[in-house]
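Just below is one structure, and these are the notes that go with it.
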Amino acid sequence: MTIQEFKDNLLGRESIKLYTVGQYYYCEPLPVKVNINKDISTPDWKHKASFKVVQYHDEYVITKNGDVNCYGLEIPGIWSGGFSMDFHTTKSEPAETDSEGNVLSWHTMRPPIGEELYRLKYWREKYRAEIIAIPTCDLIREKNASWKIDVIIPMPPSDLDRAFQPVYEIAHHISHKLGIPLDLDYLRKAKSTSQLKSIMDPTKRKELLKDAFSVASDKYKQKSVLLFDDLYRSGSTVTEATRILLNSGNVDKVYVVTITKTRSKR
């Protein structure tokens, strides 16, 4: 359907308000989940009357020609290939201030998969793990034609005592849907890195991460592994884990997929 037909059929009087993060376009929240293809650029909007809106799983995607490519932000690093599905947040605005102008609360916007992850992690809505896994599997399936993944290895959680582990929940669904083995015990946390979030200095982050991970054996020697996590921030943690997999695990190739990435490397 066209954008106008989509609005008439599903949005009623709601208007589609757009904003950008870098080169990418996003919609402000609507009654239905709406995404926008990553290949739509500013000049393309002059021809929006020819755009097509297609249903993709549980969301609608604004496309130029009907093909869906609303996910996949490349993350460069020492790995052989890496992608985040989308940004962690897309916009944050002050929602409430005091009499002196100090911000008391923020209104944060997230892309569709970022909102799903937020509700999974902080509202404990466990059914959202499978919703997140479905488009993630589509991206991995596409890349796996050349990646040829042998095993999925999730990043160890920062809190090992927490009963509910969102990364493991999503990884289980991905493994089941793709038929790729999942190993939760291979990459191990050798020491706590919980304070990492509060450290901005790259040198101090590197020091904290030194010897933070270990591997159980070299049973994946010369294999291709998928290192999976929910959030890519500065890349320092994933980089250290990749080093261990390559140097101690003697794996052939490491590929990285995360659900979201921050807009800045912090």
Side-chain angles (χ1 to χ4, degrees), residues 1-77 79 81-95 103 106-119 131-132 134-143 145-146 230-235 255-266:
M1 70 184 102
T2 65
I3 289 181
Q4 189 58 54
E5 289 169 338
F6 171 68
K7 290 171 67 177
D8 293 343
N9 294 340
L10 290 164
L11 299 184
R13 295 184 178 181
E14 290 275 355
S15 61
I16 300 176
K17 297 178 181 178
L18 305 176
Y19 62 98
T20 58
V21 179
Q23 70 197 69
Y24 304 116
Y25 278 83
Y26 294 89
C27 296
E28 292 194 3
L30 290 164
V32 294
K33 191 190 294 188
V34 180
N35 220 325
I36 300 176
N37 267 1
K38 294 287 188 276
D39 65 348
I40 295 181
S41 62
T42 299
D44 293 327
W45 288 99
K46 295 177 182 178
H47 312 288
K48 65 181 180 181
S50 65
F51 286 1
K52 291 180 173 60
V53 180
V54 299
Q55 186 163 3
Y56 173 64
H57 302 304
D58 68 334
E59 60 189 299
Y60 293 89
V61 183
I62 298 174
T63 77
K64 288 191 290 187
N65 56 15
D67 295 333
V68 174
N69 58 6
C70 56
Y71 291 112
L73 303 174
E74 189 169 6
I75 47 176
W79 36 87
F83 290 87
S84 291
M85 291 295 286
D86 212 331
F87 288 110
H88 191 58
T89 65
T90 48
K91 185 191 288 190
S92 292
E93 301 172 329
V103 178
W106 293 85
H107 172 59
T108 299
M109 294 186 194
R110 302 176 183 86
I113 204 164
E115 185 64 28
E116 296 288 353
L117 182 63
Y118 178 80
R119 290 170 183 257
I131 295 174
I132 293 167
I134 290 170
T136 307
C137 284
D138 287 346
L139 182 136
I140 295 171
R141 202 176 281 115
E142 175 194 338
K143 303 300 178 187
S146 59
D230 62 336
L231 174 63
Y232 179 91
R233 195 182 298 269
S234 69
Y255 297 95
V256 174
V257 168
T258 72
I259 302 304
T260 62
K261 70 185 291 282
T262 56
R263 286 172 283 157
S264 61
K265 286 194 171 184
R266 297 197 308 173

Report summary line: For His47, the side chain to side chain contact (heavy atoms under 4.5 Å, CB included) test, sequence neighbours excluded, returns Ser50
Query raised in the report: Any side-chain heavy atom of Leu73 within less than 4.5 Å of one from Lys38?
Result: yes
Query raised in the report: Is the closest basic N to carboxylate O distance between Lys33 and Glu116 below 4.0 Å?
Result: yes
Query raised in the report: Phe83: what forms a ring-ring contact (aromatic ring centres under 6.0 Å, His included) with it, not counting sequence neighbours?
Result: none
Query raised in the report: With side chains defined as the heavy atoms from C-beta onward, is the minimum distance between Ile132 and Ile113 less than 4.5 Å?
Result: yes
Query raised in the report: Quick one: ring-ring contact (aromatic ring centres under 6.0 Å, His included) partners of Tyr255, sequence neighbours excluded?
Result: Trp147
**Report entry** Validation row: Tyr118, Thr108 side chains within 4.5 angstrom (heavy atoms)
**Finding:** no
Report task. Could you tell me how the ring of Tyr56 sits relative to the ring of Tyr71: parallel (under 30°), tilted (30 to 60°) or perpendicular (over 60°)? Result -> tilted
Distance-only donor-acceptor pairs under 3.5 Å for side chains of residues 60-68, two or more places apart:
unit_1: Thr63; atom_1: OG1; unit_2: Lys52; atom_2: O; d: 3.0
unit_1: Thr63; atom_1: OG1; unit_2: Gly66; atom_2: N; d: 2.7
unit_1: Lys64; atom_1: NZ; unit_2: Asp39; atom_2: O; d: 3.4
unit_1: Lys64; atom_1: NZ; unit_2: Asp44; atom_2: OD2; d: 3.4
unit_1: Asn65; atom_1: OD1; unit_2: Asp67; atom_2: N; d: 3.0

Query raised in the report: Are any non-hydrogen side-chain atoms of Ser84 and Thr260 less than 4.5 angstrom apart?
Result: no
Query raised in the report: How long is the span from the CZ atom in Arg110 to the NE2 atom in His88, to the nearest 0.5 Å?
Result: 7.0 Å
Query raised in the report: For the atom pair CG (Leu10) and CE (Met1), what is the distance rounded to the nearest 0.5 Å?
Result: 5.5 Å
Query raised in the report: Distance from Glu59 atom CD to Asn35 atom CG, nearest 0.5 Å?
Result: 5.0 Å
**Report entry** Distance in Å, Asn69 CG paired with Asp138 CG, rounded so as to fall on 0.5 Å steps
**Finding:** 12.5 Å
Quick one: side chains of residues 15-30, donor-acceptor pairs under 3.5 Å with protein atoms, not counting sequence neighbours, listed by atom name and distance.
unit_1: Tyr19; atom_1: OH; unit_2: Thr90; atom_2: OG1; d: 2.5
unit_1: Tyr25; atom_1: OH; unit_2: Thr42; atom_2: OG1; d: 2.7
unit_1: Tyr26; atom_1: OH; unit_2: Asp86; atom_2: OD1; d: 2.5

Query raised in the report: Quick one: does Lys143's side chain get under 4.5 Å of Val257's, heavy atoms only?
Result: no
Report task. Look up atom CE in Met109 and atom OG1 in Thr89, then write down how far apart they are to the nearest 0.5 Å. Result -> 11.0 Å
Query raised in the report: With sequence neighbours left out, what residues match Pro43 under side chain to side chain contact (heavy atoms under 4.5 Å, CB included)?
Result: Ser41
**Report entry** Closest non-hydrogen atom pair, Leu11 against Val32
**Finding:** CD2-CG2, 4.0 Å
Requested in this report: Any chance you could measure Leu231, atom CG, to Ile259, atom CD1, to the nearest 0.5 Å?
Outcome: 10.5 Å
